[in-house]
J.: 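The structure is given below, and queries will be raised subsequently.
Everything quoted here is computed from the prediction, not taken from an experiment.
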Amino acid sequence: MVASADQPGPRRRRRGGWLARLVARPGVQDWVVRLPFGARLARRDGAEIFDILQGFVSAQVLAALVELGLLERLLGGAEPPDVLGPETGIAPDRMAALLQAGAALGLLRRRRDGAYGLSRKGAAILGVPGLTGMIRHNRAFYADMADPVALLRGEAETQMARFWPYVLGQTGDIPPEVSARYSDLMARSQRLVAQDTLRLVSLKAVTRLMDVGGGAGVFLAEALRRHRGLRGVLFDLPGVMPLAEAELTRAGLADRVALAPGSFRENALPRGADAISLVRVLYDHDDTTVRALLASVLEALPPGGRLIISEPMSGGARPDRATDVYFSFYTMSMGTGRVRSARRIAALCKEAGFVGIEGPYTARPFITTVLVARRPDGDRCKV
């Protein structure tokens, strides 16, 4: 079954709210704290509110640890601030403050002798492909979030829109180095997405898979490794093709993949694939672009052909902390993006003419959620 909608229904008369108005009164808060059960609730709520308040600072502490290479350095063993400080050009007392903050976040461990080592959680950051690159990349996103009201009002060009120019329709005029930059970031961050997607969806019956917007071919390469009889087509902007060719050649898979340069905004998708994947593609674009893309996918597929959509999706009626906070504002900062619920994406697929929509499937919603649909078997779309 498909998740609940993220679209607002008809406007209704406001109901309830009395409890929120009551709790919002300072005098009531003072009274609640005096009650045994109220004190526990007040402490818990207060701690959770402060955790939200200091969230940006926590993220910046993590960014400093990554930028300074301290996580990698501490893999070799614990070090004291007075050693790490001079090596990084930071005064020992300030290095001590950074390491102490890292320990408070559970990323480091403080030893009795005052040295700091890497915790299990800190080591896990190094073990997630592309995560440190994404942490560094967040600098541009956080700059856009410095004035969240301006972002919501769309009052200024964002740094993220300049980093991801293709989402605004720029294609032929994108310099090769820019294409390589965003494709490299996608490649490093998409390995987990590919692994989760392929755990959730079987490709055993597929003979040819076309990955639209496939970048360096990370998803396609993972699919080909798992299914030796599978062949692939990679469709993406011309500037991405050299990087994709190099990566697929390095992986020993170039002879099983046809490269198809083009823009789905301007070119029809090649035919011949019995399955098409859109991995972290739809949430980059507005509904108009998504509708046109889904129509193009339907046209390219044979009767019974499958569409696989994989990306972070809104929780809809059950808001999700990862997708409805981080990814929602991340795509907003890109300029035209939008995180949609599984039900909203399913509705767009149905509108395009797809049937047999299945999902959502997810193991880790902060990594990806998957929907699968197919083109009707006959000429008529059985919606």
Side-chain angles (χ1 to χ4, degrees), residues 3-8 20 44-66 101 104-107 121 124-125 128 130-156 158-161 163-164 167 185-186 189-190 192-193 196 279-287 290 309-345 359-371:
S4 57
D6 58 343
Q7 297 299 298
R44 187 190 68 186
D45 288 351
E48 290 177 357
I49 290 168
F50 189 79
D51 195 47
I52 296 170
L53 175 66
Q54 62 116 29
F56 180 77
V57 180
S58 296
Q60 295 301 85
V61 167
L62 172 60
L65 292 171
V66 170
L105 293 174
L107 303 173
K121 189 188 300 183
I125 291 173
V128 176
L131 183 53
T132 56
M134 199 67 194
I135 291 168
R136 291 187 176 95
H137 164 70
N138 270 344
R139 178 181 295 176
F141 176 34
Y142 291 163
D144 294 335
M145 286 295 293
D147 189 343
V149 175
L151 175 63
L152 287 162
R153 290 174 176 163
E155 293 178 343
T158 63
Q159 290 196 27
M160 292 291 287
F163 188 90
W164 303 106
V167 301
L185 178 60
M186 288 177 66
S189 64
Q190 270 199 327
L192 285 180
V193 179
D196 274 17
V279 180
R280 290 198 168 188
V281 172
L282 298 187
Y283 79 161
D284 287 347
H285 302 284
D286 58 26
D287 280 1
V290 168
I309 298 170
S310 177
E311 64 184 46
M313 298 181 190
S314 164
R318 295 183 177 180
D320 176 76
R321 189 180 181 97
T323 58
D324 287 308
V325 179
Y326 179 86
F327 285 107
S328 177
F329 278 83
Y330 186 96
T331 54
M332 188 187 305
S333 182
M334 290 170 67
T336 65
R338 178 186 173 191
V339 172
R340 300 172 178 86
S341 72
R343 183 167 182 174
R344 176 59 181 158
I345 295 173
Y361 306 120
T362 186
R364 295 177 287 185
F366 55 90
I367 298 294
T368 198
T369 296
V370 179
L371 282 179

J.: Can you list the steps and then say if Arg153 with Asp147 is a side-chain contact (heavy atoms from CB on, under 4.5 Å)?
T.: CA-CA 10 Å; Arg153 290 174 176 163; Asp147 189 343; over 6 Å; no
J.: Can you name the closest pair of heavy atoms from Phe329 and Leu151 and give their distance?
T.: CD2-CD2, 4.1 Å
J.: Would you say Arg136's side chain and Val66's backbone share a donor-acceptor pair under 3.5 angstrom?
T.: yes
J.: Taking the side chain as everything from C-beta on, heavy atoms only, tell me whether Ile309 gets closer than 4.5 Å to Ile345.
T.: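 Touching, per the 4.5 Å side-chain cut-off.
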J.: Specify the closest pair of heavy atoms between Ser333 and Met160, including all atoms of both residues, with the distance to one decimal.
T.: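 That would be OG-CG, 3.0 Å.
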J.: Taking all atoms of both residues into account, what is the closest heavy-atom pair of Tyr283 and Thr331, and its distance?
T.: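 Smallest interatomic distance, heavy atoms only, reads O-CG2, 3.4 Å.
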J.: Please report the shortest heavy-atom distance between Phe141 and Tyr326, naming the atom on each side.
T.: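 In terms of heavy atoms, the two residues are closest at CE2-CE1, 3.7 Å.
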J.: Going from CE on Met134 to CG on Asn138, what distance comes out if it is rounded to the nearest 0.5 angstrom?
T.: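 The CE atom of Met134 sits 5.5 Å away from the CG atom of Asn138.
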J.: Can you tell me how far apart CG (Asp196) and OH (Tyr361) are? Round to the nearest 0.5 Å.
T.: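 The distance works out to 15.5 Å.
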J.: Would you compute the distance between atom CG of Leu282 and atom CZ of Arg340 and round it to the nearest 0.5 angstrom?
T.: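 Those atoms lie 6.5 Å apart.
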J.: Does Arg139, at its CZ atom, have more than 12 non-hydrogen atoms belonging to other residues, nucleotides or ligands within less than 6.0 Å?
T.: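 Counting neighbours around CZ of Arg139, 12 or fewer heavy atoms of other residues, nucleotides or ligands fall under 6.0 Å, so no.
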J.: Asp324: what forms a salt bridge (Lys or Arg N to Asp or Glu O under 4.0 Å) with it, not counting sequence neighbours?
T.: none
J.: Is any side-chain heavy atom of Met332 closer than 4.5 Å to a side-chain heavy atom of Leu152?
T.: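 Yes, their side chains come closer than 4.5 Å.
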J.: Looking at every heavy atom in both Thr323 and Pro312, which two are closest together, and how far apart are they?
T.: CG2-CB, 3.8 Å
J.: For Asp286, what residues pass the side chain to side chain contact (heavy atoms under 4.5 Å, CB included) criterion, not counting sequence neighbours?
T.: Thr288, Thr289
J.: I want to check something: taking the side chain as every heavy atom from C-beta on, are Phe56 and Met145 in contact at a cut-off of under 4.5 Å?
T.: no
J.: Taking all atoms of both residues into account, what is the closest heavy-atom pair of Ile135 and Ile125, and its distance?
T.: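 So the minimum-distance heavy-atom pair works out to CD1-CG2, 4.2 Å.
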J.: From Met334 CE over to Asp284 CG, what is the distance, rounded to the nearest 0.5 angstrom?
T.: 3.5 Å
J.: If you round to the nearest 0.5 Å, how far is CG of Leu107 from NZ of Lys121?
T.: 6.0 Å
J.: What is the distance from atom CD of Gln190 to atom OG1 of Thr368, rounded to the nearest 0.5 Å?
T.: 9.0 Å
J.: Are Leu371 and Met313 close enough, and set up right, to give a side-chain contact (heavy atoms from CB on, under 4.5 Å), and what steps lead you there?
T.: CA-CA 10 Å; Leu371 282 179; Met313 298 181 190; 4.1 Å; yes
